[in-house]
Amino acid sequence: MIKEKVNIAVFISGRGTNLKALILRSNKKTCNYKIAYVISNKKNAAGLKIAKKNKIITKVISQSFLKIEQKKLAKILINKNIKFICLAGFMKILSPYFLNFFKNKIINIHPSLLPKYKGLNTHKRALEAKEKFSGCTIHYVSKKLDSGKIIAKKKVKIFKKDTLKKLEKRVLKEENKLYPLVLEKLVRS
Ligand code: GRF
């Protein structure tokens with residue numbers, strides 16, 4: 001059993017399957033982290049409901065997220081002793097100013113085998129390029145979109161008859177498995 005779990009914040013914008021996977025894992029006695037804060041830039045993000053159901057503090061940030069608000073949030077998270085920030089479908093680019101508060105402490109999950117297919121519509125582009133494999137990548141967040149140091153990847157096969165939906169579902173299933181495992185490892189190291 002872990003005596004003191006490390007505090008984690010998760011940033012979301014939408015449905016929150018990765019958030020849920022992180023929470024489910026954190027509820028295990030043997031897990032070394034706890035989701036202490038969930039931040040969303042969308043007030044209607046379904047993931048917020050998941051957080052509330054699990055009695056996790058939530059906060060909605062403004063669309064503009066100006067420097068003053070960034071500083072305020074950074075201070076809150078530092079005071080809460082947040083050791084890592086996990087971006088999980090967070091559709092907003094964090095400024096270098098905010099990143100500076102958490103050097104090497106912000107990670108993201110991306111639905112492609114980086115460095116291939118940075119940005120949006122990764123599955124569509126992988127299918128159109130007739131790739132044999134796709135997958136997901138967990139990486140540190142840097143100033144450049146989807147370009148920080150890679151921590152872990154999971155390959156997923158693309159089948160000839162794959163549709164966008166099928167591929168997205170197959171990759172998401174792996175994302176949901178990979179993120180909690182990688183976070184536990186990071187916390188341990
Ligand atoms: C995931 O595919 C993640 O890789 C990408 O956005 C999606 C978020 O899904 N960055 P969810 O909100 O965690 O279900």
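Each ligand, and each atom within it, is numbered from 1 in the order the structure gives. The analysis underlying the following values was restricted to heavy atoms, covering all of them including side chains, and did not include hydrogens, waters or symmetry mates. Counting begins at 1 with the first residue of the sequence.
Side-chain contact check for Asn41 versus Gln63: some heavy-atom pair is nearer than 4.5 Å. Using a 4.5 Å heavy-atom cutoff, the side chains of Asn176 and Asn18 are in contact.
Of the candidates Thr137, Thr17, Ile138, it is Thr17 that places a heavy atom closest to atom 11 (P) of ligand 1.
Below 3.5 Å of separation, one finds an N or O of Ile109 facing an N or O of ligand 1. Looking at ligand 1, you won't find any N or O of Asn108 less than 3.5 Å from one of its N or O atoms. Checked against a 3.5 angstrom limit, the closest N/O atoms of Gly16 and ligand 1 fall inside it.
Checking side-chain atoms of Asn7 against main-chain N and O of Lys80 turns up a donor-acceptor pair under 3.5 Å. Under a 3.5 Å cut-off, the side chain of Lys154 and the backbone N or O of Glu175 do not form any donor-acceptor pair.
Atom NZ of Lys5 sits in a crowded spot, with more than 12 heavy atoms from other residues, nucleotides or ligands closer than 6.0 Å.
Nearest protein neighbour of atom 6 (O) of ligand 1, counting heavy atoms only, is Gly89 CA, 3.4 Å. Among all non-hydrogen protein atoms, the one lying nearest atom 9 (O) of ligand 1 is Arg15 NH2, 3.2 Å.
Counting heavy atoms under 4.0 Å from ligand 1, residue Glu175 touches it through the side chain alone.
Interface of Pro111 with ligand 1, defined as ligand atoms under 4.0 Å from a residue heavy atom, comprises 2 (O), 4 (O), 5 (C).
Using a cutoff of 4.0 Å between basic side-chain nitrogens and carboxylate oxygens, Glu174 and Arg170 are not scored as salt-bridged.
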